[in-house]
Amino acid sequence: MRFMIIVKATPDSEAGVMPPDTLLAEMADYHEQLAKAGVLLDGSGLQPSAKGWRIRYNGKKPDERTLIDGPFAESKELIAGYTLIQVRTRAEALEWTRRFPNPSIDGKQGEIEVRQLFELEDFGPSETVERFRDMGMAAPAQVSSPLQP
């Protein structure tokens with residue numbers, strides 16, 4: 001089971017304020033624990049939405065798409081970073097996320113959201129699912145270690 005730990009943006013992260021070294025050290029410690037347990041797949045911070053864009057779809061045709069440049073309002077709806085883990089159970093994912101350091105600068109209010117990823121097996125057998133598998137889109141064959149204290 002793969003889970004994405006989504007770090008919600010804050011006004012600081014959207015303003016491009018870099019986290020202090022103390023917060024980076026806490027994040028490094030946490031991610032080291034994940035790596036040692038064999039559950040870490042990926043993780044990174046994201047640049048502010050001012051450096052991004054969105055595509056709004058109003059149909060299937062290319063001319064029914066609209067490009068919207070950042071920045072985007074409502075930082076609470078934006079993502080500042082993510083960590084991707086693979087564990088055996090939902091309970092294990094929950095326990096790991098309870099250990100996630102407060103991602104906000106200076107211990108201000110912060111929030112993470114956790115979402116389980118779909119696996120190809122969730123869609124049932126089909127030629128299209130096999131196309132994705134052939135592209136290497138299946139979850140890596142990784143068995144996580146038990147949660148480390």
Side-chain angles (χ1 to χ4, degrees), residues 1-10 12-14 16 18-19 23-105 109-149:
M1 303 174 98
R2 294 179 300 164
F3 291 85
M4 180 176 277
I5 303 166
I6 302 164
V7 177
K8 297 294 194 133
T10 65
D12 284 337
S13 68
E14 277 299 291
M18 296 303 284
L23 179 54
L24 288 175
E26 285 181 61
M27 289 294 184
D29 290 344
Y30 175 75
H31 285 79
E32 267 181 354
Q33 291 174 35
L34 292 171
K36 286 178 183 175
V39 301
L40 179 64
L41 296 176
D42 192 18
S44 190
L46 302 175
Q47 296 276 341
S49 70
K51 295 183 177 185
W53 60 88
R54 292 178 177 168
I55 303 290
R56 178 163 294 135
Y57 297 86
N58 296 310
K60 290 187 175 189
K61 297 176 185 172
D63 64 346
E64 296 176 322
R65 298 172 188 174
T66 305
L67 171 66
I68 305 162
D69 286 317
F72 306 115
E74 295 297 323
S75 64
K76 66 182 179 181
E77 301 297 327
L78 300 174
I79 298 171
Y82 70 93
T83 299
L84 190 61
I85 61 174
Q86 183 174 14
V87 293
R88 292 183 180 136
T89 66
R90 183 180 190 278
E92 187 179 355
L94 180 59
E95 188 55 37
W96 276 115
T97 57
R98 284 188 173 142
R99 297 176 179 201
F100 199 94
N102 180 348
S104 67
I105 294 175
Q109 186 174 359
E111 184 176 24
I112 63 172
E113 177 181 333
V114 182
R115 305 276 298 275
Q116 185 173 352
L117 277 67
F118 277 110
E119 306 298 346
L120 290 179
E121 291 73 26
D122 295 330
F123 296 99
S126 76
E127 286 184 29
T128 304
V129 167
E130 289 309 311
R131 284 177 61 195
F132 280 107
R133 195 177 314 284
D134 291 344
M135 287 185 262
M137 304 274 300
Q142 176 179 332
V143 178
S144 63
S145 300
L147 198 59
Q148 303 292 319

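Quick caveat: nothing in here was measured; it's all calculated off a predicted structure.
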At their closest point, which heavy atom of [X] faces which heavy atom of [Y], and how far apart are they?
X    : Y    : answer
P19  : L24  : CG-CD2, 3.8 Å
P103 : I112 : CG-CG2, 4.1 Å
S104 : L23  : O-CD2, 3.7 Å
M137 : L120 : C-CD1, 4.3 Å
G81  : I79  : O-CG2, 3.3 Å

More than 12 heavy atoms of other groups within 6.0 Å of R115 CZ: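 No, not enclosed.
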
Point-to-point distance, once rounded to the nearest 0.5 Å, from [atom1] of [X] to [atom2] of [Y]:
X    : Y   : atom1 : atom2 : answer
Q116 : F3  : CD    : CZ    : 4.0 Å
R65  : K60 : CZ    : NZ    : 10.5 Å
T83  : M4  : OG1   : CE    : 9.0 Å
L34  : L41 : CG    : CG    : 9.5 Å
L40  : I85 : CG    : CD1   : 9.0 Å
I5   : R99 : CD1   : CZ    : 11.5 Å

Between M1 and Q86, is a side chain to side chain contact (heavy atoms under 4.5 Å, CB included) present by the stated rule, with each step listed? CA-CA 5 Å; M1 303 174 98; Q86 183 174 14; over 6 Å; no

When you measure from the side chain of [X] to the backbone of [Y], do you find a donor-acceptor pair of N or O atoms at a distance under 3.5 Å?
X    : Y    : result
S49  : F72  : yes
R133 : T128 : no
S13  : A9   : no

With under 30° as parallel and over 60° as perpendicular, where do the rings of Y30 and W96 fit, or are they tilted in between?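 If you compare the ring of Y30 with that of W96, the planes turn out perpendicular.
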
Can a side-chain donor-acceptor contact be found between D12 and T10 if the only test is distance below 3.5 angstrom?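 Looking only at side-chain atoms, D12 and T10 do not form any donor-acceptor pair under 3.5 Å.
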
Give a yes or no on whether a salt bridge exists between R90 and E92, defined as a side-chain N under 4.0 angstrom from a carboxylate O.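 Salt bridge absent between R90 and E92.
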
Would you please test F100 and M27 for side chain to side chain contact (heavy atoms under 4.5 Å, CB included) and show each step? CA-CA 8 Å; F100 199 94; M27 289 294 184; 3.5 Å; yes

For D42, side-chain hydrogen bond (donor to acceptor under 3.5 Å, both in side chains) partners two or more places apart: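 Expected list: Y82.
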
Can you list the steps and then say if W53 with I68 is a side chain to side chain contact (heavy atoms under 4.5 Å, CB included)? CA-CA 6 Å; W53 60 88; I68 305 162; over 6 Å; no

Are the side chains of L67 and I55 in touch, meaning some heavy atoms are under 4.5 Å apart?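 The answer is yes, as the side chains (C-beta and beyond) meet within the 4.5 Å cut-off.
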
Just to verify, what does K61 make a side chain to side chain contact (heavy atoms under 4.5 Å, CB included) with, not counting sequence neighbours?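 Listed in chain order: D63, E64.
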
